[in-house]
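Residue numbers count from 1 along this sequence.
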Amino acid sequence: MGTNIRIRRGNKADLPSSAPSGMPLWCEDTKQLYIGTGSSVQIIHTYDADTLDSYHASSFVLSSNQYVFTYGYNTGTTSYAYPPTNYTMSNLVAFIPSVRALHYSGDVDYNDSTYCYWAKESSRVKITCYNTEQRSNSQVNWLAIWRK
């Protein structure tokens, strides 16, 4: 005979602050799975996405009216994205840069590299995008999510 595994379930508002280590907890209203650690509960992420300051992309979908999405593209090896009006860097919960255009010179071979990354500064996001065979400024797309 098989073994039945019962999962504690309920609404997220009723989620306990701690649960025995290994105990699964299911939030029926938000469709999120948590696991007890013995001293707390941790959300289980079953998909591939970035987190920043403990926020995960799924939380934006569930309550997007709390968020402002900004986006754009910049030209230059180093460029910047700024918070929207009435927001600061402490409101930033997610940032994604991606290459829009790279311009190569010479032969692209085994010793070439491409870089696209970002850093959180005190008043802005610094975006760096370049390659080792660069003949002109690269372009980068970006998306930022801000929470009030």
Side-chain angles (χ1 to χ4, degrees), residues 1-102 108 110-134 137-148:
M1 175 179 249
T3 302
N4 288 330
I5 298 175
R6 295 203 39 109
I7 298 177
R8 186 171 176 182
R9 60 182 187 237
N11 290 330
K12 187 167 183 176
D14 300 322
L15 185 70
S17 59
S18 67
S21 183
M23 174 186 270
L25 303 108
W26 176 249
C27 293
E28 293 179 309
D29 56 340
T30 62
K31 309 299 185 228
Q32 293 173 312
L33 180 63
Y34 288 78
I35 192 85
T37 67
S39 61
S40 67
V41 294
Q42 294 287 313
I43 191 166
I44 303 297
H45 295 295
T46 57
Y47 35 80
D48 229 3
D50 289 336
T51 59
L52 176 67
D53 297 339
S54 301
Y55 292 102
H56 195 277
S58 66
S59 63
F60 308 130
V61 175
L62 298 173
S63 56
S64 60
N65 61 342
Q66 297 178 20
Y67 298 91
V68 170
F69 295 78
T70 57
Y71 56 89
Y73 81 92
N74 299 357
T75 300
T77 299
T78 301
S79 59
Y80 302 94
Y82 294 88
T85 303
N86 298 322
Y87 286 76
T88 67
M89 290 303 295
S90 65
N91 300 114
L92 181 67
V93 294
F95 192 85
I96 304 169
S98 65
V99 173
R100 180 178 180 140
L102 294 174
V108 178
Y110 70 92
N111 65 353
D112 298 314
S113 300
T114 299
Y115 303 90
C116 186
Y117 55 92
W118 66 281
K120 191 175 178 181
E121 295 186 341
S122 62
S123 63
R124 61 191 180 183
V125 176
K126 179 181 178 180
I127 309 162
T128 304
C129 184
Y130 66 97
N131 66 76
T132 57
E133 292 280 345
Q134 194 160 300
N137 284 327
S138 56
Q139 294 177 333
V140 62
N141 296 311
W142 57 269
L143 170 70
I145 303 173
W146 310 86
R147 181 177 188 214
K148 223 13 162 169

Using modelled atom types and a 3.5 Å cut-off, is there a donor and acceptor pairing between side-chain atoms of [X] and backbone atoms of [Y]?
| X | Y | value |
| --- | --- | --- |
| Asn131 | Gln134 | yes |
| Thr132 | Ser113 | yes |
| Ser79 | Asn74 | no |

Is any side-chain heavy atom of [X] less than 4.5 Å from a side-chain heavy atom of [Y]?
| X | Y | result |
| --- | --- | --- |
| Ser21 | Thr37 | no |
| Tyr34 | Leu15 | yes |
| Lys126 | Thr78 | yes |

[X] to [Y] - nearest heavy-atom pair and separation:
| X | Y | result |
| --- | --- | --- |
| Ile127 | Phe95 | CD1-CZ, 3.7 Å |
| Val99 | Leu102 | CG1-CG, 3.5 Å |
| Met23 | Leu25 | O-CD1, 3.4 Å |
| Cys129 | Val140 | CB-CB, 4.2 Å |
| Pro83 | Thr88 | CG-C, 4.0 Å |
| Leu92 | Lys120 | O-NZ, 4.2 Å |

For Thr70, side chain to side chain donor-acceptor pair (under 3.5 Å) partners two or more places apart: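 Partners of Thr70 under the side chain to side chain donor-acceptor pair (under 3.5 Å) test: Trp146.
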
Going through the checks in order, is the side chain to side chain contact (heavy atoms under 4.5 Å, CB included) test met by Tyr71 and Asn141? CA-CA 8 Å; Tyr71 56 89; Asn141 296 311; over 6 Å; no

Run the salt bridge (Lys or Arg N to Asp or Glu O under 4.0 Å) test against Arg8 and tell me which residues pass, sequence neighbours left out.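 Salt bridge (Lys or Arg N to Asp or Glu O under 4.0 Å) check on Arg8 returns nothing, list empty.
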
Is it true that the NZ or CZ of Arg124 lies under 6.0 Å from the centre of Tyr82's six-membered ring and within 45 degrees of the ring axis?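 No, cation not above the ring by the 6.0 Å, 45° rule.
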
ring-ring contact (aromatic ring centres under 6.0 Å, His included) with Tyr115: which residues, sequence neighbours excluded?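 Per chain and number, Tyr115 pairs via ring-ring contact (aromatic ring centres under 6.0 Å, His included) with Tyr130.
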
